[in-house]
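Here's the structure, in structure tokens; my notes come after.
The figures here come from the full heavy-atom set of this structure, side chains too, leaving out hydrogens, waters and symmetry mates. In this text, all values refer to a predicted model and were calculated from it rather than measured experimentally.
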Amino acid sequence: MYRKSGRIVYQGVCGSFSHAVAKKIFPDGELISCVTFEDVYSCIENMNADYGVLPIENSLYGRVYDMYSLLRSARLYIVGEYFYRIHQNLLAISGSCLEDIREAYSHPVALGQCRGFLKENRIRPVSFTDTAGAAEYVAGLQRADCAAIASLECVELYNLTVLAKSIEDSNNNTTRFLVMSLHQADVIKSDIDDIRITSFVFITMNVPSALYNVLGCFAKHNVNMLKLESCMLGDNFSSAGFYAEIEQHINIDNAQIAMDEARKITTEFIILGTYARDKWRIKKTIPIEDNANMN
């Protein structure tokens, strides 16, 4: 578990989806904006913040690539997760109309969630650092042919008008966020859920069947692997790095045994955290939110 207060950092500006999620998770926290994911990590590592809230994957776009290299290289732990339903909206200055829009600014992940809408309306996507920052930028441009893709919260914040609501390509558009900390979460038994998720990264040996043998450690001990993602290791092309997540019952040590065995046949094995799974996984339903989500 982790505290619901303190100094909380997120990537983006006020009105971004990460900002909205940080408010949901830490209603009593002091929220601090950062320009980049690296800045979020630096604030926590330098003890200028207690927690960070960062997106890791989206149901439409896929994984947020910057996160995987950070997870491996930084000294932070994952202490929680949060699934959040995303509604993307096309925002522009007053007097604009959809037919006149030629460019839409937003974070690449948000643009990727709206490919169909942008193609249908012949709007060119333009990458920006975050969704709310794009809304602020479009407000400053004062051009009737430019729009931003962002949350409805940005309408009032940046004096914009809504040209189209919920333009994402799926009605189940959801982003998963991670809560990061300099310290590991306390793993305690819960009356609601005694299953935890353990995240880790590992590097396989440069031998035949290396990945197969690592995965066999978990299969042999009946450990459910929820995720396996390959990740780049700088300029090293002779071995493979992976990010993985498993389910772990806090009263059963089979997952720990499996990880101990895997550690013996990998060149690097780093535990990134063991934390409670979000209620979304238990209910198996998409969370319905009114407005924001995801940088």
Side-chain angles (χ1 to χ4, degrees), residues 8-27 29-35 53-55 58-61 64 82-175 177 286-295:
I8 317 302
V9 284
Y10 63 93
Q11 190 269 333
V13 299
C14 186
S16 68
F17 293 120
S18 290
H19 177 240
V21 171
K23 287 192 296 184
K24 285 280 186 180
I25 301 175
F26 298 97
E30 177 189 351
L31 305 186
I32 304 168
S33 169
C34 290
V35 176
V53 176
L54 288 167
N58 173 263
S59 59
L60 274 175
Y61 182 84
V64 180
Y82 191 86
F83 288 84
Y84 199 71
R85 174 71 170 90
I86 300 172
H87 293 288
Q88 300 288 7
N89 309 277
L90 191 70
L91 312 180
I93 62 172
S94 179
S96 300
C97 61
L98 178 59
E99 292 75 17
D100 294 333
I101 301 300
R102 295 291 175 263
E103 295 180 340
Y105 293 79
S106 198
H107 190 277
V109 176
L111 293 171
Q113 296 163 25
C114 307
R115 291 189 187 98
F117 176 88
L118 295 174
K119 182 178 180 180
E120 179 182 350
N121 290 278
R122 299 181 180 180
I123 299 173
R124 184 172 73 91
V126 182
S127 295
F128 209 83
T129 52
D130 70 282
T131 54
E136 184 179 30
Y137 178 73
V138 166
L141 279 180
Q142 288 296 303
R143 284 176 49 184
D145 63 340
C146 293
I149 295 177
S151 70
L152 291 179
E153 186 178 1
C154 292
V155 173
E156 183 175 348
L157 284 172
Y158 304 111
N159 193 29
L160 296 173
T161 187
V162 181
L163 300 185
K165 288 185 179 182
S166 298
I167 63 173
E168 61 272 10
D169 294 336
S170 169
N171 58 9
N172 287 330
N173 189 28
T174 303
T175 293
F177 288 80
I286 300 296
I288 303 299
E289 303 290 352
D290 291 332
N291 284 330
N293 198 340
M294 174 74 216
N295 262 349

The reported gap from NZ in Lys24 to OH in Tyr82 (rounded to nearest 0.5 angstrom) is 5.5 Å

Discussion item. Any non-hydrogen side-chain atom of Leu152 less than 4.5 Å from a side-chain atom of His87?
Written reply: no

In terms of heavy-atom contacts, Ser96 and Leu163 come closest through O-CD2, 3.5 Å

Closest non-hydrogen contact found for Ala132 with Gly15 is CB-C, 3.4 Å

The complete set of salt bridge (Lys or Arg N to Asp or Glu O under 4.0 Å) pairs with one or both residues in residues 131-147, sequence neighbours excluded, reads Arg143-Asp145

(request) Verify the distance criterion only: is there a donor paired with an acceptor across the side chains of His107 and Thr131 at less than 3.5 Å? (result) no

Value for CD1 (Ile101) from CD (Glu99), rounded to nearest 0.5 Å, stands at 9.5 Å

So CG of Leu141 and SG of Cys146: to nearest 0.5 Å the spacing works out to 5.5 Å

(Q) Within the structure provided, determine whether Ile123 and Leu98 are in side-chain contact (heavy-atom separation under 4.5 Å). (A) yes

One should read off an interatomic distance between Asp130 CG and Cys34 SG, to the nearest 0.5 angstrom, of 11.5 Å

OG (Ser94) and CG (Asn159) are apart, to the nearest 0.5 Å, by 7.5 Å

If you define the side chain from C-beta out and look only at heavy atoms, does anything of Arg102 sit under 4.5 Å from Arg124? no

Check: Any side-chain heavy-atom pair from Phe117 and Ile149 closer than 4.5 angstrom?
Finding: no

Note: Tyr158 and Ala139 closest approach over all heavy atoms is O-CB, 3.4 Å

Worksheet item: Can any side-chain N or O of Thr161 pair as donor or acceptor with the backbone N or O of Ile93 at less than 3.5 Å?
Response: no

- Query: Is a donor on one side and an acceptor on the other found under 3.5 Å between the side chain of Asn89 and the backbone of Val162?
  - Reply: no

All heavy atoms of Gln88 vs all of Glu168, minimum pair found to be N-OE1, 2.8 Å

Within a strict 4.5 Å, meaning less than it, do heavy atoms of the Ile86 and Gln113 side chains meet?
yes

- Measure the shortest side-chain to side-chain distance between Val53 and Ile8 over non-hydrogen atoms and say whether it is less than 4.5 angstrom. yes

Residues Pro55 and Phe177: closest non-hydrogen pair is N-CD2, 3.5 Å

Item to complete: Evaluate the ring planes of Tyr10 and His19, with Trp represented by its six-membered ring, and classify them as parallel (under 30°), tilted (30 to 60°) or perpendicular (over 60°).
Response: tilted

Of all heavy-atom pairs linking Asn58 and Thr174, the shortest is ND2-O, 3.2 Å

Take Cys154 and Leu91, measure what side-chain contact (heavy atoms from CB on, under 4.5 Å) needs, and give me the verdict at the end. CA-CA 8 Å; Cys154 292; Leu91 312 180; 3.8 Å; yes

Surrounding CD of Gln142 (heavy atoms of other residues, nucleotides or ligands, distance under 6.0 Å), is the total greater than 12? yes

To the nearest 0.5 Å, atom OG of Ser18 lies from atom CG of Leu31 at 11.0 Å

Review point. Does the side chain of Arg85 reach to within under 4.5 Å of the side chain of Asn173, using non-hydrogen atoms?
Key: yes

**Asked** Taking side chain as C-beta onward, heavy atoms only, is Leu111 less than 4.5 Å from Ser127?
**Response** yes

